[in-house]
Structure formats: structure tokens, C-alpha cells
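Each remark here refers to the structure printed beneath this line.
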2 protein chains.
Amino acid sequence: MSSELTPLQKRVLDFITECIQDRGVPPTVREIGKRCKIGAPSSVAYHIKQLESKGFLKHEGSISRGLTLPEDADPSRLPVLGRVGAGNGIIAQEDIEGHLRVDPDSARRGDFVLRVRGDSMTGAGILEGDFIQVRPAETARDKQLVVAVTEDDAEGVVKRLRKRGASWQLESENPNYGPITERFRVVGLVVGLIRNYT
Amino acid sequence: MSSELTPLQKRVLDFITECIQDRGVPPTVREIGKRCKIGAPSSVAYHIKQLESKGFLKHEGSISRGLTLPEDADPSRLPVLGRVGAGNGIIAQEDIEGHLRVDPDSARRGDFVLRVRGDSMTGAGILEGDFIQVRPAETARDKQLVVAVTEDDAEGVVKRLRKRGASWQLESENPNYGPITERFRVVGLVVGLIRNYT
DNA sequence: CAGTATACTGTACAGATGTTCAGTTGTCAA
DNA sequence: TTGACAACTGAACATCTGTACAGTATACTG
């Protein structure tokens, strides 16, 4: 695969990212060279071309400091999914309904957002229409809020994982709903919630 | 006051903001001049100096494109307040405990964030420790969620505003708490909620 | 009127900057 | 060894870029 980075390319990319985020201004080729121990500006240009062709960087014409990161390089910009897939890749491109920006301190690469349907979790303060931030995971501990898929419902549900005796089940937090005892698979942990009052 | 902008200065600042947000790279003095019909680069430098001295812009040394916006120019970066003041200015600098970034589409300039204390609003899906996004306002409509201050408690409470007969009162959404019927003043509307599960 | 402050223009210049191009080095396969 | 290829170096160059400086025009003040 051509989308792998050499250690040096990674260092270059990291430095560019650092400059943009911390200083607000992208670096020049010579600044990159100085920091990453690359002697010639043309050599840096070479790496930039590599990074650009691999999709890690955008390079605007030949203007000074014309380096930007592609939008999806920002880990705090999370995709809002209409459903979670049951397949191996949780995030299917066709299910992305939009994007939501969250605080960078509470986001990790890979997180995604799901819109809550139904009122089965009102007891946990999760209302219909809320957005929940989910961190992909295949296991969870007792009493954690999880997103799971069952064989019936491959769309994904938000429930509390509970151990009852020897077996695990998914419980709602609304007396009108019973637990899910059929086979299920945890796909992620609920790590945050965003609600908008119109 | 020296913090007012002339129309031209505003156009310059708007263009710089546009470049940074849309293109990712700040403009050069000549790019600004071209767009804002300022003939001489030195004249643009003059305006930049003005904008910088008024605090609307940061200007890094004499490096190319060394223009950045001060952090508090970002309307999606909201201050987290420990309490809301009862005075004329709601946001007192000394009460700012930190900052929280929210989605730009749901933020407006002036919004702030308050950490919820107590469980009086659990019925509305607002739990202790949640962050609520507040938009300053002095009036609100029936049934809206508001932040208000009373004479006893100048710290600020989150309640639902209700009209009961001829008078208004603040109601909790937890059967263990009664309504607040004493004099109060609305300071803002609840427009969003952010919760982090650790 | 003279004096002053603001908001410019025009020009010049040193240094920064992206790019090109002709080579060089090291690795790996045949 | 030879050839191919990726990863560089070094030097040169045309432009881009921020800044300095010497003025100009206008409005306002006393």
C-alpha cells in the first residue's frame, strides 16, 4: 500500500501539524528542513510531494507556506453516523450524515457520533435526538454505556451493559423497556453527549 | 475608546479571517492590499499595526504571512464559568475556569458554558456535572430552560421557566425539589448540553 | 494661518521563499 | 557488476514578502 509513511515523512508531517496548530502559520520548506535535519530545501519539497500524493497534506500552488492539512486530519471533527454497520468496519462512508466538532481534549482519532433514536435511555439522561460520542471498542465493563449491534437490529443501540449472573445483557433505562438478552456485539463505548436545544 | 474599527480596518480583518478559516493560510500584505483596494504594501502594514494594537490580530515578527487571530476571536471557544455574576456583565473574567470548544454551527459570540451542580434537573436529562451552553438573554418564553439568578443565590441556577396564572416561576424537573417563587432574573437561555463520560 | 494627527502612496531593498536542475549516494535485484 | 530506483545534496534563480523611508492629502485644532 502506498499510504504508509517513512519515519522521516512522519516527522515532517508532525512538525507541519504542530506549526499549524500551535503557531497558526504553516512552516516554510527551510523551517521544516532545519527542524527535521534535511539539508536542502529541494529535499523537503520532495517529501512534501510524497505526503501530498499520499493524501496527508494539501499543497497550494507555489505560494509561501502554502501547506494545509486535509479536513479529516482533524481528530476533533467527528463524523455523524445514521447507523453503525455490523461489518468489520464500523464507519461506512455512505452512512455519514454530517460532521460535528467537539472539544479536542475529549476527542480521539476514530471516535464518531451517533444520533439517539427513541426514549429508552431517558433514565440515564440520554434523550431522543441527542448526539452521543462513541469510541470504538469490542469489549466493555459492567455498567458501562455501550453501543451494540444485535443480529436482529444491525443498526446499533445505546444501552447499559450489565452482568446478570453468568451472562451479559443490554439494559434500557426506562421502565417501559425490557433488557436485550439475545446475542449482541459491543461496537463502542459512549464517551460523550451533545444536545442542542433549538 | 480605542477598540473601534474603521470600515476599512474591518474589511482587512474580515479578509484575514476568511483566509485563515477557508484557505488555512493567512494572506500576505499584498494579497490584502489587492482585495481591499489598498495600493501600497506599507499602507497595509500600517493597518495591521493598528489592528494589532487594538487586540484584533496577532503579528508574529517579520515572517511571511505571520498573522494569526487571537484565541478569543474564535466564537466556538466558549468560556466555562464557575458561576454567573448578578451584575451587569454576566461573564466576569475571574470566574472563567477554562474553555470548551463546541461545534461552530451551534455557537454564537457571547455564549458561555456553565457546569451543572445538583440533580434538580435530572427529569430534563440534565445531570450533575454536565456542561450547559448558555446564550445571554434577559427574557424567555414559557417552558424554556433558562439560567437565572435570585437575590439569595447570585450564583445562577438552571431551571425551566413556567407561567403559573399571572406570575412566573422557576421549576425543577425532579420531584424532590419545589419551584422557586421568589424574585429572580433571567440571565440566559440554555441552548446546548455537553456531557463527558470519563 | 500654522501645527498636528491620521491615513494613506510610491519606491526601494534586503532577505525569505518555492522551484528547477544537474548530480550523488545507498539499496536492492538480476 | 550492472541497472533501476528512491532519497537525497548543492547551487542558482526568479519571485515573493515585510519593512523602511520620504512624501502627500485631508481634516481638525488653536
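For clarity, every value in this text was computed on a predicted model and none was experimentally measured. Quick note on labels: first sequence line is chain A, next is B, and so on, each numbered from 1.
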*Mark up nucleotides 6-21 of chain C, 5' to 3', with B wherever a protein heavy atom is under 4.0 angstrom from a base atom, S wherever such an atom reaches only the sugar-phosphate, and - elsewhere.*
SBSBB-B----BBBBB
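- A donor-acceptor pair under 3.5 Å is absent between the side-chain atoms of Arg185(A) and the main chain of Val149(A), judged by distance alone.
- Of the possible polar contacts, none joining the Asn174(B) side chain to the Thr122(B) backbone as a donor-acceptor pair under 3.5 Å is found.
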_Working for salt bridge (Lys or Arg N to Asp or Glu O under 4.0 Å), residues Arg115(A) and Glu97(A)_ = CA-CA 10 Å; Arg115(A) 183 156 206 153; Glu97(A) 295 181 343; over 6 Å; no
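- Residues Leu189(B) and Tyr197(A) are not in side-chain contact: their nearest non-hydrogen atoms beyond the backbone lie 4.5 Å or more apart.
- Between Leu170(A) and Leu161(A), some side-chain heavy-atom pair lies under the 4.5 Å cut-off.
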